[in-house]
Amino acid sequence: MAGKYEGKINMAMGVTKQKIGELTGNKQLQREGQFQKLKGATQDAAETAKTTVKSTGKALGKEVNKSLNQIRNKLKP
């Protein structure tokens with residue numbers, strides 16, 4: 001479950017670091033924030049893709065079973 005929110009947490013922390021770096025003139029902290037924000041966006045996109053693949057697979061499985069049942073019913077004497 002932590003993976004579900006890990007990307008959003010990293011994005012928020014990255015934005016915070018980047019803004020603090022900008023306010024203090026700390027270029028290193030700005031870059032770390034940018035990197036962490038990008039890492040979070042990537043994690044979030046991966047989690048979304050994973051969820052999409054799972055739900056698509058379930059829907060496809062239901063359709064296949066429905067089709068097989070229709071074929072079985074037509075083949076019954």
Side-chain angles (χ1 to χ4, degrees):
M1 179 141 92
K4 185 175 181 179
Y5 301 105
E6 191 173 353
K8 291 182 185 346
I9 291 168
N10 271 321
M11 283 191 289
M13 288 174 55
V15 168
T16 303
K17 281 183 183 179
Q18 187 177 0
K19 293 298 178 188
I20 291 172
E22 288 172 7
L23 290 171
T24 61
N26 185 334
K27 298 288 185 191
Q28 176 67 29
L29 191 58
Q30 278 181 279
R31 284 190 298 275
E32 285 177 21
Q34 290 170 337
F35 174 77
Q36 192 165 5
K37 196 168 62 171
L38 179 60
K39 177 182 175 183
T42 303
Q43 289 170 321
D44 199 44
E47 188 62 34
T48 300
K50 185 170 116 179
T51 302
T52 302
V53 168
K54 280 184 179 180
S55 64
T56 302
K58 286 180 184 178
L60 182 59
K62 286 180 183 179
E63 287 299 317
V64 167
N65 283 333
K66 182 179 172 184
S67 296
L68 286 174
N69 286 332
Q70 288 174 347
I71 292 168
R72 284 185 192 119
N73 288 333
K74 287 182 181 180
L75 293 176
K76 286 182 181 176

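Computed from a predicted structure; not experimentally measured. All residue numbers refer to positions in the sequence shown, counting from 1.
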Please assess Asn69 against Arg72 for the test side-chain contact (heavy atoms from CB on, under 4.5 Å), listing each intermediate value before the final yes or no. CA-CA 5 Å; Asn69 286 332; Arg72 284 185 192 119; 3.0 Å; yes
Gln43 and Glu47: side chain to side chain donor-acceptor pair (under 3.5 Å), yes or no, with the steps? CA-CA 6 Å; Gln43 289 170 321; Glu47 188 62 34; over 6 Å; no
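Considering NZ of Lys17 and CZ of Arg31, their distance stands at 13.0 Å, rounded to 0.5 Å. Taken from CG in Leu29 to NZ in Lys19, the straight-line distance is 12.5 Å, to the nearest 0.5 Å. Distance check: Lys4 NZ to Thr48 OG1 gives 10.5 Å after rounding to the nearest 0.5 Å.
Taking each heavy atom of Met13 and Gln36 in turn, the nearest pair found is CE-NE2, 3.5 Å.
Each of Val15 and Phe35 belongs to its own hydrophobic cluster when Ile, Leu, Val, Met, Phe, Trp and Tyr are linked at side-chain heavy-atom distances under 4.5 angstrom.
Judged purely by distance below 3.5 Å, without hydrogens or angles, the side chains of Gln34 and Gln30 never pair a donor atom with an acceptor atom.
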